[in-house]
Number of protein chains: 2
Amino acid sequence: MADEVQQTPKRGRRPGGTDTRAALLAAAREVFSEQGYDGATVRTIAARAGVDAAMVNHWFGGKEALFGEAVLQLPFNPKEIIAHLLEGGIDDLGTRIVRAFLTTWDAQGGGVFAALIRSVAAHEQVADVLREFFLKNVFAQLAGKVADDRPDLRANLVASQMIGLGVVRYVAKFDPLAESDVEALVRAIGPNVQRYLTGPLD
Amino acid sequence: MADEVQQTPKRGRRPGGTDTRAALLAAAREVFSEQGYDGATVRTIAARAGVDAAMVNHWFGGKEALFGEAVLQLPFNPKEIIAHLLEGGIDDLGTRIVRAFLTTWDAQGGGVFAALIRSVAAHEQVADVLREFFLKNVFAQLAGKVADDRPDLRANLVASQMIGLGVVRYVAKFDPLAESDVEALVRAIGPNVQRYLTGPLD
DNA sequence: ATAATAGTTCAACATATGTTGAATTAGCCC
DNA sequence: GGGCTAATTCAACATATGTTGAACTATTAT
């Protein structure tokens, strides 16, 4: 009598070749982007992926490992980008750095950059990881190409302008900078970056 | 016989004119500086102040209100600083802005700047408050003094370089920039800020 | 087909945290 | 000095969160 329709069973393995791991990674990138490390809960991420929270531990071993795979696995390869930039010579390198920076992060809607900043700000450990990352992937490559005196400082100065640009455009969202089009900002900021690369520092 | 020394009683009102409210404010500034809004727990702040966690609710009504009084009440007056900077004319304003920025935040050991960034990053609301604050106290004053074309964008650009400098020096702590002395950075960064103020933007 | 394995959910645990109310004590006013 | 008020601590609550183990089901291997 009881017309209990056999719904999709709640427990046990799902039918079909579902890729829960990939779904979690995608959801994690989204939620970490929106909420930062602390704000993003395992439950929220799992819900977005349509699976149980326990899957995070099953597939990644925990929240922190998931973060490592989701956010630090950037949606592009910085090493390649920089190598490519350096091929173009150093004369208008500042301009090209700014353009590459903006087009790269704009493509993500700025969310990934904001997530990185949030995580760096919240966790000293994350800051350490990123510092290491910058040193090996960005600064090391730049150092050999810029002017001879104080190349490390020059790389830091470039980083300061780029990070500040990212914070103002993607996190704090100051107008009109947040709404300006890429080429206008390239013209405004590029020459300053160029001075950090090849100009006199005092 | 029992030589039980009468220790300071654990409960009840304390003897002497203790200013618990001020102690909490001081502790809150410290802990928020070190840990950011989420990282700083009410219990940690209260412990640092040497009182019970319930005092936060008693004196401030809750953690959020305490944060508002502790961190947003900056240890200096930005409006005055900027007004003073503008009195010196516009020719080397960029240099003087960088010097004022560094000496101001260096005095706090960089902790207050880091706390602001952490809070902005973690809470959208805090970001709104600060954006408003910047607009009224900083940008509005600058806008009338810089070059005529696109004064708002110029102010944003200056902010981007200053914020980036702060993040690299106080939050991410990239070397050698984090360890450089103030005047070296003034010489390196000042001219770039000056260009944002008075130079051509394209 | 049957057994083994991997994937999945559920419930529960342990911990951390902001908050609250009762109990307790010091200062103040008459 | 006696009562009233404010200050303070303690214990407990409610909630949120990362994690874990048991139970259950689809797939895979034999």
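Here the structure is a predicted model, which means the values were calculated and not measured. Chain naming here is simple, since letters A, B, ... match the order of the sequence lines and numbering starts at 1 in each. No hydrogens, no waters, no symmetry mates; every other heavy atom, side chains included, goes into these values.
Distance B:His58 NE2 to C:dA23 P: 18 Å, rounded to the nearest Å. Atom pair A:Arg11:CZ and D:dA23:P shows a separation of 9 Å (rounding to whole Å applied). In this structure, B:Asp19 places its CG atom 17 Å from P of D:dA6, rounding to the nearest Å. Atom CZ in B:Arg13 sits about 10 Å away from atom P in C:dA26, given to the nearest Å.
Aromatic ring orientation, B:Trp105 versus B:Phe113: perpendicular (interplanar angle above 60°, classes split at 30° and 60°). Between A:Phe67 and A:Phe32, the ring planes are perpendicular. Angles over 60° get that label, and only those under 30° would be called parallel.
We find the CD-OG1 distance between A:Glu183 and A:Thr103 to be 9.0 Å, quoted to the nearest 0.5 Å. Taken to the nearest 0.5 Å, the OG1 atom of A:Thr104 stands 12.0 Å off from the CZ atom of A:Arg99.
Taking only side-chain nitrogens and oxygens, A:Trp59 never comes nearer than 4.0 Å to OP1 or OP2 of C:dG7. At least one side-chain nitrogen or oxygen of A:Thr20 sits closer than 4.0 Å to the OP1 or OP2 atom of C:dT8. Checking the phosphate oxygens (OP1, OP2) of C:dG7, no side-chain nitrogen or oxygen of A:Arg21 falls inside 4.0 Å. Applying the 4.0 Å criterion to OP1 and OP2 of D:dA6, one finds that B:Arg14 has every side-chain N and O outside that range.
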_Footprint string (nucleotides 13-20 of chain C, 5' to 3'): B base within contact, S backbone only, - free, heavy atoms under 4.0 Å_ = ----BBBB

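When all heavy atoms of A:Ala40 and A:Val31 are compared, the closest pair comes out as CB-CG1, 3.5 Å.
Distance from the side chain of B:Pro15 is smallest to C:dG27 among D:dT8, C:dG27, C:dC10.
A salt bridge links A:Arg21 with A:Glu69: at least one charged nitrogen is closer than 4.0 Å to a carboxylate oxygen.
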